[in-house]
Amino acid sequence: MLAATACMAAAMAFATAGAFAEDAPSGRAIATQGTANGVPACVGCHGAQGQGNTAAGFPRLAGVGADYLSAQLAAFADGRRQNSVMQPIARNLSPDERTSVSTYFSGLPSPSTVGGGDAAEPSPSDTGAWLAVRGRWGQGLPACAQCHGPGGTGVGGLFPPLAGQPAAYIEAQLHDWKDGKRPPGALALMSVIASKLSDADMAAVAKHYAQQTGADTSAGK
Ligand code: HEC
Ligand code: HEC
């Protein structure tokens, strides 16, 4: 009898803990509805499927590594990554909410046409394609593809995709690293790279990757 009562109490405690866990908004709910804390729905800017918005320069989140996304939200929240739109949004999300919304977007399919592939033999006069595939070894600048993968589709959780991201967004990130507005990130790789790129290089390579979308960008729905 006593054992049964203890068992019931344990079961109830378990059920209650479960109920509390469900009270926290799910990643999907945050993404599509925002939070009671005044956080707007992410999809309003990042697209219904997290596909981003080329015209507005809002990056794609769909299929991007969860740890990477969550690290970016943490950096916006504590001001290491500066952006007037995302900082207040990230500050109003709890660490648990940042994790769950990152997991949600990471699990959405990346648009299937992303990653048109790099030309194997870019023309030296095409600065963007050349930096992407060859780099500039005289300056110790590796090809972007060495870390971001062929066609810039991203590699693992650490190296985010560049393919199909809005040109204005890519270019702004490179400037932000050069100007110290974005934290160095994993192994400080990108702040070193950005320091070696001229404004013209940044514009060219951003345009190159923005175009790596294949024929039909609506295929991602
Ligand atoms: C009002 C428009 C807007 C809304 C709403 C919005 N974002 Fe953003 N988001 C942006 C902009 C603009 C950027 C680019 C910031 C920059 O240039 O650093 C961005 C960047 C990001 C990044 C960085 C992506 C990367 O590749 O590094 C993440 C992660 C992100 N947003 C997550 C979210 C989440 C999660 C929500 C919902 C809780 C959300 N955003 C809501 C506009 C928005
Ligand atoms: C040695 C490896 C390495 C090389 C080479 C490299 N990157 Fe990166 N890149 C990274 C890492 C790591 C990150 C993630 C940084 C972070 O965690 O904030 C990143 C992130 C980025 C981002 C941010 C994407 C986003 O969603 O916000 C852009 C843009 C970018 N790289 C552009 C480039 C370009 C352009 C080149 C070539 C000129 C390049 N990278 C070469 C390692 C590399």
Seminar exercise, completed: Output for pair (D201 CG, R136 CZ), nearest 0.5 Å, gives 4.0 Å
Seminar exercise, completed: Taking every heavy atom of P122 against every heavy atom of V133, the minimum-distance pair comes out as CG-CB, 4.1 Å
For this session: Output the distance between atom CZ (F105) and atom CZ (R60), rounded to the nearest 0.5 Å.
Result: 12.5 Å
For this session: Mind checking side chain to side chain donor-acceptor pair (under 3.5 Å) for Y104 and listing every partner two or more places apart, or none if nothing turns up?
Result: none
Seminar exercise, completed: Between the OG1 atom in T103 and the CZ atom in R98, the distance rounded to the nearest 0.5 Å is 12.5 Å
Exercise. Taking everything shown except R28 itself, do over 12 heavy atoms lie less than 6.0 Å from its CZ?
Worked result: no
Exercise. With no hydrogens and no angle check, is any side-chain donor or acceptor of S191 less than 3.5 Å from a backbone partner on W177?
Worked result: no
Exercise. Has the side chain of E97 got a donor or acceptor atom that lies under 3.5 Å from a matching backbone atom of G27?
Worked result: no
For this session: Could you walk me through whether R134 and Q146 pass the side-chain contact (heavy atoms from CB on, under 4.5 Å) test, one step at a time?
Result: CA-CA 9 Å; R134 296 292 180 86; Q146 297 220 325; over 6 Å; no
Problem set entry | side-chain contact (heavy atoms from CB on, under 4.5 Å) between H175 and D199, worked out | CA-CA 8 Å; H175 280 287; D199 289 359; 3.2 Å; yes
For this session: Could you tell me the separation between the NZ atom of K178 and the CE atom of M202, rounded to the nearest 0.5 Å?
Result: 4.0 Å
For this session: State, with a plain yes or no, whether a side-chain heavy atom of T127 is found less than 4.5 Å away from one of H208.
Result: no
For this session: Quick one: pull up CH2 in W130 and SG in C144 and give me the separation to the nearest 0.5 Å.
Result: 13.5 Å
For this session: Mind listing the closest non-hydrogen atom pair of S100 and S26 along with its distance?
Result: OG-C, 4.4 Å
Exercise. Do N53 and P166 come within less than 4.5 Å of each other through their side chains, counting heavy atoms only?
Worked result: no
For this session: Can you measure from CG (L174) to CZ (R182) and round to the nearest 0.5 angstrom?
Result: 9.0 Å
Problem set entry | E171 side-chain N/O to Y169 backbone N/O, donor-acceptor pair under 3.5 Å | no
For this session: Using the side-chain contact (heavy atoms from CB on, under 4.5 Å) rule, take V101 and L73 through it: C-alpha gap first, then chi angles, then the decisive distance, then the call.
Result: CA-CA 10 Å; V101 76; L73 290 173; 4.0 Å; yes
For this session: Using the rule that two of Ile, Leu, Val, Met, Phe, Trp, Tyr join whenever any of their side-chain heavy atoms come within less than 4.5 Å, decide whether F58 and Y209 are in one cluster.
Result: no
Exercise. Taking C-beta and beyond as the side chain, do L61 and L108 meet within less than 4.5 Å on heavy atoms?
Worked result: no
For this session: Kindly say whether S70 contributes a backbone atom to a donor-acceptor pair with the side chain of S102 at under 3.5 angstrom?
Result: yes
Problem set entry | Close side-chain approach of W137 to P142, heavy-atom, < 4.5 Å | yes
Problem set entry | Other ILVMFWY residues reachable from L187 by side-chain steps of under 4.5 Å | V155, L158, F159, L189
Exercise. Taking the side chain as C-beta and beyond, is there a heavy-atom pair between L162 and T153 under 4.5 Å?
Worked result: no
Problem set entry | Contact summary for A167 and A210, nearest pair of heavy atoms | N-CB, 3.5 Å
For this session: Evaluate the side-chain proximity of I89 to P40: yes if any heavy-atom separation is below 4.5 Å, no if none is.
Result: yes
Exercise. Which atom pair, heavy atoms only, marks the closest approach of N92 to N37?
Worked result: O-ND2, 3.0 Å
Exercise. Of the non-hydrogen atoms in A163 and G151, which two are nearest, and what is the gap between them?
Worked result: CB-O, 3.3 Å
Exercise. Which heavy atom of I193 sits nearest a heavy atom of L141, and at what distance?
Worked result: CG2-CD1, 3.8 Å
Exercise. Is the number of heavy atoms from other residues, nucleotides or ligands within 6.0 Å of NZ (K181) greater than 12?
Worked result: no
